[in-house]
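Read the structure below first, then the notes.
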Protein chains: 2
Amino acid sequence: MKTIGKLAKELGLGVETIRFYEREGLIKQPQKPQNGYRVYDDSITKQLQFICKAKALGFTLKEVASLMSMDGDCAKVESLGLQKLSLIQSKIADLQRLEVVIKEMTNSCRNNNDQSHCPIIDSLK
Amino acid sequence: MKTIGKLAKELGLGVETIRFYEREGLIKQPQKPQNGYRVYDDSITKQLQFICKAKALGFTLKEVASLMSMDGDCAKVESLGLQKLSLIQSKIADLQRLEVVIKEMTNSCRNNNDQSHCPIIDSLK
DNA sequence: GTAAACTCCGTAGATAGGTACGGAGTCAAT
DNA sequence: ATTGACTCCGTACCTATCTACGGAGTTTAC
């Protein structure tokens, strides 16, 4: 059993962040004894770690809530995962196209001897 | 010479967006004749297209302003470009790592016969 | 026993890049 | 001359994810 500060420290989160997740419905407000302080047991740690991991995978908080609520339904979870996967893949493709363009631009910059014009600026014009 | 609405339509931007760019210092407020309406000549079109293209390359509005102000300085522009390039490359790498993880997860989901557990949920726990 | 550290709550602010609104004035077409 | 479309300005609102603040009560350490 620990108070919010200990929990936050343990997980590397801010106290405000945990209260925020509570407000957003990701976690439940725990029992509060006479003094009004939140008191957490160990199960909350798993839940918050779940949230952090899913977030790191690029799920939004809403999606995380969704994941948590579809607890056993593998098909639904898989479908959300596949959706996320295709989003990630198209983001990768976009960025790779960008990478090529910017590479070309900076290359032409490096080969530029005309100090009165920058090929990057010119190509954007 | 055109008013803001025509200009916006021509570029596929919102009127408010142009006013917003003006407030942010990306473009200058043009002369306004007796009626108080903004009147633009063709040079503004180039400037706004520059902004749109640079934005599409992943530059923030602040960076776009920066690019526009370093007008001829090729070395500076190149350095901003290289910086952006390495940001893009590390984003790509991050996403590719993510892609692998999510692929593995959805695969294990597809091969799952145990309806009481979802491997994705389990792996996040 | 007192001072520091912790907690409570609700609300405001930050970030980026817009988007929307309201009320008033102006312009263009019929 | 009237109607509808356009413009003005300032400000508020939007998404997402926190982060900070203020004032009051509580717990802990010395």
Side-chain angles (χ1 to χ4, degrees), chain A residues 1-41 44 47-68 80 84 87-88 91 94, chain B residues 1-41 44 47-68 80 84 87-88 91 94:
Chain A
M1 294 307 217
K2 47 209 155 196
T3 58
I4 197 167
K6 290 257 186 192
L7 178 62
K9 199 164 188 181
E10 178 185 321
L11 291 160
L13 297 174
V15 167
E16 308 291 340
T17 305
I18 294 173
R19 295 208 319 118
F20 173 70
Y21 288 164
E22 186 184 295
R23 280 201 302 280
E24 296 292 302
L26 287 157
I27 54 176
K28 278 191 309 195
Q29 190 175 62
Q31 297 298 327
K32 293 193 280 184
Q34 66 291 349
N35 67 7
Y37 286 15
R38 291 167 179 81
V39 175
Y40 297 96
D41 62 18
I44 190 73
Q47 288 174 52
L48 284 168
Q49 281 170 345
F50 180 102
I51 294 168
C52 292
K53 285 187 199 174
K55 241 169 54 69
L57 289 175
F59 292 96
T60 66
L61 293 185
K62 269 184 192 143
E63 287 167 339
V64 177
S66 210
L67 280 174
M68 293 172 91
L80 193 52
K84 218 64 202 168
L87 201 76
I88 287 168
K91 263 191 200 166
D94 284 353
Chain B
M1 294 306 215
K2 46 211 156 195
T3 58
I4 197 167
K6 291 256 185 193
L7 178 62
K9 199 163 187 182
E10 178 185 319
L11 291 160
L13 297 174
V15 167
E16 307 291 340
T17 305
I18 294 174
R19 295 207 319 120
F20 174 71
Y21 288 166
E22 186 183 296
R23 280 201 301 281
E24 295 293 302
L26 287 157
I27 54 177
K28 277 191 308 195
Q29 190 177 60
Q31 295 300 325
K32 292 193 281 184
Q34 67 290 350
N35 66 9
Y37 286 15
R38 290 168 180 81
V39 174
Y40 297 96
D41 61 19
I44 190 73
Q47 288 174 53
L48 283 168
Q49 282 170 343
F50 180 103
I51 294 169
C52 293
K53 286 186 197 174
K55 242 168 54 69
L57 290 175
F59 292 96
T60 64
L61 293 186
K62 269 184 193 144
E63 287 167 339
V64 176
S66 211
L67 280 174
M68 293 173 89
L80 193 51
K84 218 63 202 169
L87 201 74
I88 287 168
K91 265 192 198 164
D94 285 352

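The analysis underlying the following values was restricted to heavy atoms, covering all of them including side chains, and did not include hydrogens, waters or symmetry mates. Sequence lines set the chain letters: A, B, ... in the order given, protein chains first and strands last, and positions in each chain run from 1.
Nucleic acid contact class of B:Glu63 (heavy atoms, under 4.0 Å, all strands): none. Here B:Gln29 lies in heavy-atom contact (under 4.0 Å) with sugar-phosphate atoms only.
For the atom pair CG of A:Leu7 and NZ of A:Lys9, the computed distance is 13.0 Å after rounding to the nearest 0.5 Å.
No option in A:Arg38, A:Lys28, A:Lys32 other than A:Arg38 meets the salt bridge (charged side-chain N to carboxylate O under 4.0 Å, His left out) test with A:Glu22.
As a whole-Å value, the separation of B:Leu13 CG from C:dG18 C1' is 11 Å. Atom CD1 of B:Ile18 and atom C1' of D:dC9 are 16 Å apart (whole Å). The CD1-C1' distance, from B:Ile4 to C:dG18, rounds to 14 Å in whole Å. When rounded to the nearest whole Å, the span between NZ of A:Lys9 and C1' of C:dT7 equals 16 Å.
Of all heavy-atom pairs between B:Gly5 and B:Val15, the closest is CA-CG2, 4.0 Å. The minimum heavy-atom distance between A:Gly14 and A:Ala8, with the atom names listed, is C-CB, 4.0 Å.
For the pair A:Gln47 and A:Met68, the minimum side-chain heavy-atom distance is below 4.5 Å. Looking at B:Ile44 and B:Ile18, their side chains never come closer than 4.5 Å, going by heavy atoms from C-beta outward. In this structure, the side chains of A:Leu26 and A:Phe20 stay at 4.5 Å or more apart for every pair of heavy atoms. Side chains of A:Tyr37 and A:Ile4 form no contact here, defined as non-hydrogen atoms less than 4.5 Å apart. Side-chain contact between A:Val39 and A:Gln31: absent, with no pair of heavy atoms (C-beta onward) separated by less than 4.5 Å. Put simply, the side chain of B:Lys6 does not reach to within 4.5 Å of the side chain of B:Glu10, judged on heavy atoms.
Within a 6.0 Å radius of NZ in B:Lys2, other residues, nucleotides and ligands contribute more than 12 heavy atoms.
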Look for any protein N or O under 3.5 Å of an N or O in nucleotides 28-30 of chain D and output each such pair with its distance, or none.
none

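For B:Arg38 and D:dC8, the shortest distance from a side-chain N or O to OP1 or OP2 is below 4.0 Å. Applying the 4.0 Å criterion to OP1 and OP2 of D:dT7, one finds that B:Thr3 has a side-chain N or O inside that range.
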Reading 5' to 3' through nucleotides 16-22 of chain D, protein heavy-atom contacts under 4.0 Å coded B for base, S for sugar-phosphate only, - for none: SBBBBB-
Base versus backbone protein contacts along nucleotides 24-30 of chain C [heavy-atom cut-off under 4.0 Å; B, S, -]: -BBS---
